[in-house]
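Everything on this sheet refers to the single structure shown next.
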Amino acid sequence: LLAVPGGGDGPSGVLVCGENWVAYKHEGHDEVRAPLPRRADYPDQRGLLVTAAAIHKQKGLFFFLIQTEMGDLYKVTLDYEGEVVRDVVVSVF
């Protein structure tokens with residue numbers, strides 16, 4: 001679980017990291033989920049787990065860095081307006 005900044009800094013809520021995905025959750029808001037990008041040679045039948053995470057936050061900007069058990073590093077951002085999150089964007093960092 002990763003706390004999403006709230007108030008004037010973001011939509012608040014949490015990011016939940018599960019096997020092969022990252023989801024945004026907030027009370028009264030639909031879950032917004034995105035898959036973790038996979039290496040081409042990583043078996044589809046094997047799950048990909050997040051083992052470490054950090055947040056970078058400054059006024060008007062925040063993003064998460066997450067790392068998987070394979071050592072791959074991803075940048076996670078939220079596409080939002082006000083309190084409404086439209087998309088979770090996961091990209092290789």
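None of the values given here were measured: they were computed from a predicted structure.
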### Task
Report yes or no: do V92 and V76 belong to one cluster of Ile/Leu/Val/Met/Phe/Trp/Tyr joined by side chain heavy-atom distances under 4.5 Å?
yes
### Query
Do the side chains of I66 and M70 join up, straight or via other hydrophobic residues, at under 4.5 Å, putting them in one cluster?
yes
So do the side chains of [X] and [Y] get within less than 4.5 Å of each other, counting heavy atoms only?
X: V88; Y: R33; result: no
X: V50; Y: Q67; result: no
X: Y74; Y: T68; result: yes
X: E83; Y: S12; result: yes
X: I55; Y: P5; result: yes
X: N20; Y: R38; result: yes
X: V89; Y: L78; result: no

### Message
Show the nearest heavy-atom pair for residues E19 and G47, with the distance to one decimal.
### Response
OE2-CA, 2.9 Å
## Note on the structure
Note: E69 and L48 closest approach over all heavy atoms is OE2-CA, 3.7 Å
### Task
Identify whether the distance between the nearest side-chain nitrogen and carboxylate oxygen of K59 and D9 falls below 4.0 Å.
no
### Query
Which class fits the ring pair F63 and H56: parallel under 30°, tilted 30 to 60°, perpendicular over 60°?
tilted
### Message
Below 30° counts as parallel, above 60° as perpendicular, anything between as tilted: where do the rings of F64 and F62 land?
### Response
perpendicular
### Task
Output yes when a side-chain donor or acceptor of H26 lies under 3.5 Å from a complementary backbone atom of V14, and no otherwise.
no
### Query
Only one of V22, L1, L2 forms a side chain to side chain contact (heavy atoms under 4.5 Å, CB included) with V16, so which one is it?
L1
### Task
Answer yes or no: are there more than 12 heavy-atom neighbours, outside F93 itself, under 6.0 Å from its atom CZ?
no
### Task
Would you indicate whether E81, at its atom CD, is surrounded by more than 12 heavy atoms from other residues, nucleotides or ligands within a distance under 6.0 Å?
no
### Message
Please report the interatomic distance SG(C17) to CG(L49), rounded to the nearest 0.5 Å.
### Response
10.0 Å
### Inter-residue atom distance E31.CD - W21.CH2, 0.5 Å rounding
6.0 Å
